Number of protein chains: 2
Amino acid sequence: MKRPTMKDVARAAGVSPMTVSRVVSGEAGVAPGTAARVEQAVRRLGYQGNDNARHLRQKDPGTATIGLVVDDLANPFYAFMARSVEDEAHRRGYVVLVGSTNDEPRREREVIAAFTARQVDGLILVPTVGGHGFLRQPMRAGTRVVCVDRPARGLAVDTALARHGLRSRTQARAALDALRELPQPPTAAFTSNDVITLGVLDGAGGPGHVAVVGFDDLPLGERLDPPLTVVSQDPVALGGTAATLLFSRIDGDRSAPRSVVLLTRFVARGAGGAPSGTPGPPG
Amino acid sequence: MKRPTMKDVARAAGVSPMTVSRVVSGEAGVAPGTAARVEQAVRRLGYQGNDNARHLRQKDPGTATIGLVVDDLANPFYAFMARSVEDEAHRRGYVVLVGSTNDEPRREREVIAAFTARQVDGLILVPTVGGHGFLRQPMRAGTRVVCVDRPARGLAVDTALARHGLRSRTQARAALDALRELPQPPTAAFTSNDVITLGVLDGAGGPGHVAVVGFDDLPLGERLDPPLTVVSQDPVALGGTAATLLFSRIDGDRSAPRSVVLLTRFVARGAGGAPSGTPGPPG
DNA sequence: TTGAAAGCGCTAACAA
DNA sequence: TTGTTAGCGCTTTCAA
């Protein structure tokens, strides 16, 4: 069974497709009796309009679709962010395409290409390490873009004790285990997101144990022994802010590119930290 | 600056739009020299095809888009499921629209309507408590649907000690606090997802403490004191299975509706439970 | 108050 | 090997 079109409804109601269009889009100037017949045909056939076709022809631009591209949707930090973005989008009648990059520039390009090919009005993007020249073209063509900087970016100095690119709890644990084999093993670990924090916690115990400070708070972090000290970010605020920025652009704001910085909180739960809840500079 | 169309490329390359179409879709039968000129024009103008228009006309059906509708994308359980669905979709060249229902039938309907209006080929749905008659029409029209049953559905008997519809950690804690005020307070709590588990853990301590068994495992659950006992589900397997089922339908499988049941694991970490890792019947 | 014609960006079917 | 015509489902514009 094919999806009924406007033409089908028109035939069923004995009117022209144009009249159906007027009725379903709530335009004035259709006789009540005609409108009623059309509405009945709509219900009888189970007609639902095709938004893709509509947006193709419609004068005012846009598809009421935005794209959200994050590192990993399964990471609670980005999951909260995504939910926040989605709420704002839903409130405005937009839908959200999501994609994870896995921090791979190639997958990032593929995902973004698939999104722009579907004419998204805007993009909220947690950029990978790769270049982003490919964004210029869609931006010139009208796709608005808001980049959300990664928690860890610019943050750690690349010393012999720093490890980057870890993708899982298991990998993080292995990396810590290796670091602890060094002649001068670390006495503390700073972790850049909570998946890594989990892995490091897995390996931090035992003789000469390693203190852990995490970036991003974890549910249950306060119940550990000793409690987990973290630099806490608010992914909900981050997503909400990004979405608000994006929609202001979509709604016509053409002011110069802007950087918005959200505060982080240092939550010292172990011994020897700063007072809990002190607002500090961002990471 | 407007998005360049096939016509623009055609003009720039001195060919007809049809030839551009052939080149960009990799069809054979275009002279190498012509193809080169077209490709150069594509690059110079930064042309990218409009998939919505393409799918509108193209004979083989489908938009290479699926929808994923869950209770709450920020819930780690659904976040893992979403990531898993997305991976499978990405592997097949599909993109994923996501939406959270908040367990509200009305929002569920809105989200699904927005998705079907955009001609999604299929839907993976964690249904709310509401009725789902509105699914019949899109299904008849060709939208494939896979329902993922909720962890808690059918599970708990509605006694004086059962509480449903809790939406947050705070609410869960408040509910437990109230239960503990009863003349015959519970000595144990079974929680249906990890957000609720967290809230219950918040309130479970103190004199006459309440034992907790959770549905869904939590990261760090094993590090609590006492360790958390859970009935563990695998959201990644759930998402992967749902996606595989959906794509087999999209690919033409017309066999009778099917129910697939995944096993759960009972992970007894506190005292007095069954042996760890026993496979058991689903909830 | 209604409809006919044209066209959004693209491709199927058929010429040349 | 290339182009022409028609039309996907819809809305714009204009005429009746």
Side-chain angles (χ1 to χ4, degrees), chain A residues 2-39 41-42 45-64 116-121 138 141-143, chain B residues 2-39 41-42 45-64 116-121 138 141-143:
Chain A
K2 273 278 285 170
R3 218 175 277 269
T5 74
M6 231 169 216
K7 224 149 94 179
D8 299 320
V9 177
R11 194 174 317 120
V15 296
S16 79
M18 200 49 235
T19 298
V20 178
S21 172
R22 290 193 176 103
V23 173
V24 295
S25 60
E27 256 180 71
V30 178
T34 315
R37 263 160 51 228
V38 169
E39 269 153 13
V42 163
L45 301 185
Y47 169 77
Q48 189 190 19
N50 179 333
D51 270 358
N52 293 339
R54 184 198 317 289
H55 291 131
L56 187 59
R57 187 65 176 94
Q58 211 169 224
K59 211 39 190 281
D60 57 41
T63 55
T116 53
R118 281 169 186 74
Q119 314 294 107
V120 292
D121 299 334
T143 311
Chain B
K2 272 277 285 171
R3 220 174 274 268
T5 74
M6 230 168 218
K7 224 150 96 182
D8 299 319
V9 176
R11 194 175 316 121
V15 297
S16 80
M18 200 50 232
T19 299
V20 178
S21 171
R22 290 193 176 102
V23 173
V24 296
S25 59
E27 255 180 72
V30 178
T34 316
R37 265 161 48 229
V38 170
E39 270 154 12
V42 164
L45 300 186
Y47 169 76
Q48 191 191 16
N50 180 333
D51 269 358
N52 293 340
R54 185 198 317 288
H55 291 131
L56 188 59
R57 186 63 176 98
Q58 211 168 224
K59 210 41 190 277
D60 57 42
T63 55
T116 52
R118 283 167 184 75
Q119 313 293 110
V120 292
D121 300 333
T143 311

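Sequence lines set the chain letters: A, B, ... in the order given, protein chains first and strands last, and positions in each chain run from 1. All values derive from a computational prediction rather than experimental measurement. Hydrogens, waters and symmetry mates play no part in the numbers below; they use all other heavy atoms, side chains included.
From one end of the helix from C/dT1-D/dA16 to C/dA16-D/dT1 to the other, with five pairs defining each end axis, the axis direction shifts by 40° (rounded to 10°).
Looking at residues 7-19 of chain B, you'll see B/K7, B/M18 sit with a heavy atom under 4.0 Å from some atom of DNA chain C. Applying a 4.0 Å cut-off to non-hydrogen atoms, the residues of residues 24-31 of chain A that approach DNA chain C are A/G29, A/V30, A/A31, listed by residue number. For residues 49-58 of chain B, proximity to DNA chain D is found at B/L56, B/R57, defined as any non-hydrogen atom under 4.0 angstrom from a strand atom.
In this structure, A/D60 atom CG and D/dC10 atom P are separated by 17 Å, rounded to whole Å. Atom CD in A/Q48 sits roughly 14 Å away from atom P in D/dG9 (whole-Å rounding).
At the phosphate of D/dG9, OP1 or OP2 sits under 4.0 Å from a side-chain N or O atom of A/K2.
Taking both residues in full, the closest heavy atoms of B/A141 and A/R3 are given as CB-CG, 3.8 Å, listed atom of the first, atom of the second, then distance. The two residues B/A35 and B/V23 come nearest to each other via the heavy atoms CA-CG2, 4.0 Å. Closest approach of B/T5 to B/Y47, counting heavy atoms only: C-CE1, 3.6 Å. Residue A/R37 comes nearest to A/G14 through the heavy atom pair NH2-O, 3.7 Å, listed as atom of the first residue, atom of the second, then distance. Shortest non-hydrogen contact noted between B/L45 and B/A12 is CD1-CB, 4.2 Å. A/V24 approaches A/V42 most closely through the heavy-atom pair CG1-CG2, 4.2 Å.
Side chains of A/R22 and A/V38 form no contact here, defined as non-hydrogen atoms less than 4.5 Å apart.
Along DNA chain C, read 5' to 3', the first and last nucleotides having any atom under 4.0 Å from a heavy atom of chain B are C/dC8 to C/dA12.
The distance from the CG atom of A/D60 to the CD atom of A/Q58 is 4.5 Å, given to the nearest 0.5 Å.
Residue B/R22 places a side-chain atom within donor-acceptor reach of the base of D/dG3, judged by atom type and a 3.5 Å distance cut-off alone.
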(request) Apply side chain to side chain contact (heavy atoms under 4.5 Å, CB included) to the pair B/K2 and B/D8, showing each step before the final yes or no. (result) CA-CA 11 Å; B/K2 272 277 285 171; B/D8 299 319; over 6 Å; no
Distance-only criterion, 3.5 Å: show the donor-acceptor pairs between side-chain atoms of residues 48-57 of chain A and protein atoms not counting sequence neighbours.
{"unit_1": "A/Q48", "atom_1": "OE1", "unit_2": "B/T116", "atom_2": "OG1", "d": "2.8"}
{"unit_1": "A/Q48", "atom_1": "NE2", "unit_2": "B/A113", "atom_2": "O", "d": "2.9"}
{"unit_1": "A/Q48", "atom_1": "NE2", "unit_2": "B/T116", "atom_2": "OG1", "d": "3.3"}
{"unit_1": "A/N50", "atom_1": "OD1", "unit_2": "A/N52", "atom_2": "N", "d": "2.9"}
{"unit_1": "A/N50", "atom_1": "OD1", "unit_2": "A/A53", "atom_2": "N", "d": "3.0"}
{"unit_1": "A/D51", "atom_1": "OD1", "unit_2": "A/R54", "atom_2": "NE", "d": "3.1"}
{"unit_1": "A/D51", "atom_1": "OD1", "unit_2": "A/R54", "atom_2": "NH2", "d": "3.3"}
{"unit_1": "A/N52", "atom_1": "ND2", "unit_2": "B/R118", "atom_2": "O", "d": "3.3"}
{"unit_1": "A/H55", "atom_1": "ND1", "unit_2": "A/D51", "atom_2": "O", "d": "2.9"}

